[in-house]
Amino acid sequence: MSSSISLQQSVLKEIASLLDNDDALKKVLALAKKLKRESKKDETDEFTEADKKEILDDLREAFKELKLAKEGKVKLQTWEEFKHELHS
C-alpha cells in the first residue's frame with residue numbers, strides 16, 4: 001500500500017511542477033483522459049462492432065422466425081428436438 005501512495009505522490013509532484021506551463025498541462029489532461037477511457041474500456045470488455053452486428057443479425061433472424069411461427073408458416077423445434085440437436 002505504501003508503494004501505491006508513493007507512486008501517487010510522485011505523479012502529483014511531477015504534475016505540480018508543470019502548473020505554470022499551460023501547454024504541458026493540456027497534454028497531461030489529454031493523456032489522463034485517454035488513460036481513463038482505456039481503463040474503462042478494459043473494465044467493461046465492450047463488444048466489437050462486428051460482435052454487435054452479429055448479435056443484432058441473430059436477433060433479427062430469431063424474431064423473423066418467431067413471427068413466422070406465430071403466423072403458422074413454420075414449425076418450431078420442440079424442446080426434445082433441440083436437446084437432441086445439442087447432443088449430436
Side-chain angles (χ1 to χ4, degrees):
M1 177 118 110
S2 63
S3 65
S4 177
I5 292 172
S6 176
L7 180 61
Q8 291 172 359
Q9 289 173 337
S10 294
V11 170
L12 292 174
K13 181 180 175 184
E14 292 298 323
I15 292 173
S17 71
L18 301 171
L19 289 178
D20 59 345
N21 185 336
D22 286 346
D23 290 332
L25 284 176
K26 287 176 185 176
K27 290 177 183 178
V28 169
L29 180 60
L31 179 60
K33 287 180 178 180
K34 181 180 178 185
L35 289 171
K36 186 176 178 180
R37 281 193 308 272
E38 287 176 2
S39 68
K40 262 188 181 175
K41 188 175 183 181
D42 291 343
E43 290 172 5
T44 59
D45 290 328
E46 291 183 17
F47 292 107
T48 64
E49 289 303 314
D51 291 337
K52 290 177 186 178
K53 183 183 180 325
E54 183 179 352
I55 290 168
L56 287 174
D57 289 344
D58 289 346
L59 285 170
R60 282 186 192 99
E61 186 64 32
F63 285 126
K64 284 179 188 176
E65 189 171 342
L66 184 60
K67 180 182 176 193
L68 291 173
K70 283 185 173 184
E71 294 172 351
K73 296 179 180 176
V74 296
K75 183 177 179 254
L76 298 177
Q77 286 180 322
T78 65
W79 172 245
E80 292 301 320
E81 292 169 332
F82 179 70
K83 282 194 321 189
H84 179 67
E85 185 179 311
L86 288 176
H87 294 293
S88 299

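All values reported here derive from a predicted model rather than from experimental measurement. Any value given below was found using the heavy atoms of this structure, including those in side chains, with hydrogens, waters and symmetry copies removed.
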Enquirer: Run the side chain to side chain contact (heavy atoms under 4.5 Å, CB included) test against Lys34 and tell me which residues pass, sequence neighbours left out.
Expert: Arg37, Glu38
Enquirer: Output all residues satisfying side chain to side chain contact (heavy atoms under 4.5 Å, CB included) with Thr78, sequence neighbours left out; order by chain, then residue number.
Expert: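 So Thr78 forms a side chain to side chain contact (heavy atoms under 4.5 Å, CB included) with Glu80, Glu81.
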Enquirer: What's in the same ILVMFWY side-chain cluster as Leu35, cut-off under 4.5 Å, chained through other members?
Expert: Leu31
Enquirer: Could you give all pairs that pass the ring-ring contact (aromatic ring centres under 6.0 Å, His included) test and reach residues 53-79, with sequence neighbours left out?
Expert: Trp79-Phe82
Enquirer: Rounded at 0.5 Å granularity, tell me how far NZ in Lys70 sits from NZ in Lys67.
Expert: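 Between Lys70 NZ and Lys67 NZ, I get 11.0 Å after rounding to 0.5 Å.
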Enquirer: Check side chain to side chain contact (heavy atoms under 4.5 Å, CB included) between Lys73 and all other residues, then give those that pass, not counting sequence neighbours.
Expert: Leu68, Glu71
Enquirer: In a table with atom names and distances, give each donor-acceptor pair under 3.5 Å that connects a side chain of residues 20-30 to protein atoms at least two apart or in another chain.
Expert:
unit_1	atom_1	unit_2	atom_2	d
Asn21	OD1	Asp23	N	3.2
Asn21	OD1	Ala24	N	3.1

Enquirer: Applying salt bridge (Lys or Arg N to Asp or Glu O under 4.0 Å) as the test, list every pair that has at least one member in residues 47-56; sequence neighbours left out.
Expert: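 Every salt bridge (Lys or Arg N to Asp or Glu O under 4.0 Å) pair that includes a residue of residues 47-56, provided the two are not neighbours, is Glu49-Lys52, Lys53-Asp57.
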Enquirer: Holding to side chain to side chain contact (heavy atoms under 4.5 Å, CB included), I want the full list of residues that pass it with Ala69, two or more places apart in sequence or in another chain.
Expert: Val74, Leu76
Enquirer: Suppose we screen for side chain to side chain donor-acceptor pair (under 3.5 Å). Which residues come up paired with Glu85, at least two apart in sequence or across chains?
Expert: Gln77
